[in-house]
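Step one of this worksheet: look at the structure below.
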Amino acid sequence: MSLHDEMTLAEAVRSAADALRTAGIEGASRDARALVAAAGHRQALDLIAQSEAPLGTGAAEHLAAMLKRRIEREPVSRIVGEREFYGRAFKITPATLDPRPDTETLVEAALEICGEAGAVQQPIRILDIGTGSGCLIVTLLAELPAASGTATDISEAALAIASQNASRHGVADRLRLRQADALDGVNERYDLIVCNPPYIPSGDIPGLARDVRCYDPMSALDGGEEGLAVFHKIAPRLRMALGGSTKLGWALFEVGAGQAVLVQRLFAANGFTAFRTWVDLGGHTRCVAIQSLD
Ligand code: GLN
């Protein structure tokens, strides 16, 4: 069946799913629903509640273009320009990393630490290094209603997207954005630092799946020879940026599979002694937290 604007949403989903399945796309039905909703400017729920409604004017052409991109293996989140993270929708562009479910481990770890310290309702200060879409800092500010934050990124284009996401989720008045590399120009101290740095060893980049290698910004992925370049930049200056007058003073880093021990060793060589780790849903140690109360 060819696509046309008068077909029902249910017909469009069936037809899109068939096209994706024929092209060998895994999860064809799920992707079809997401693309039909986006093409028709609908919510996912409309596809069920209004399944007999027409796809809508201009939507068939839009859907056909989206299906073509998906068949070329572009991720759905890139096609629709949006990704859900910790229950909230984040705008993404080619300038930002596509937030991954693994990174929610960092949010959970940060909220656990705040909960244990009785800081959930406290006016704590949070720094997000390399904010990208802003998924980490915006989520934390939304979950911690009295907190305020700073987010840095080397990419001005990424900061513009983080700013839009902060407005969308009602936290823009508690967030400052600053163009900076790692901890450059950061003079204040923070109760909590979060960072999902680029940590993929340069040599592993050519072997990455096409949907990562071709669509995520290289500066958000490439962590240098061992993958630890950004950790090396941050470690000698972390103490100055962390803690001060609070019981918190934790920096939480996302790490790649198998890097947790190396990262702890690197920070231990810089005088840090208190570490905690969290495991992601795939069983990999995904978050290393480092405390400094000086
Ligand atoms: N902080 C953003 C995220 O976790 C971007 C991280 C990055 O670009 N390496 O998705």
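Counting starts at 1 for both ligands and their atoms, following the listed order.
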For ligand 1, list every N/O pair with the protein closer than 3.5 Å, one pair per line with the distance.
| unit_1 | atom_1 | unit_2 | atom_2 | d |
| --- | --- | --- | --- | --- |
| ligand 1 | 1 (N) | G130 | O | 3.1 |
| ligand 1 | 1 (N) | T131 | O | 3.2 |
| ligand 1 | 4 (O) | N196 | ND2 | 2.9 |
| ligand 1 | 9 (N) | N196 | O | 2.8 |
| ligand 1 | 9 (N) | A220 | O | 3.2 |

**Asked** Relative to the ring of H62, is the ring of H41 parallel (under 30°), tilted (30 to 60°) or perpendicular (over 60°)?
**Response** tilted
**Prompt:** Where do W250 and L242 come nearest, in terms of heavy atoms and distance?
**Reply:** O-CD1, 3.6 Å
**Message:** Between E108 and R286 (salt bridge meaning N to carboxylate O under 4.0 Å), is one present in this structure?
**Reply:** no
**Request:** Would you mind reporting whether R73 and I25 have side-chain heavy atoms less than 4.5 Å apart?
**Result:** yes
**Request:** Would you mind reporting whether K91 and S133 have side-chain heavy atoms less than 4.5 Å apart?
**Result:** no
**Message:** Can you see whether R21 engages S29 through a side-chain donor-acceptor pair at a distance of less than 3.5 angstrom?
**Reply:** yes
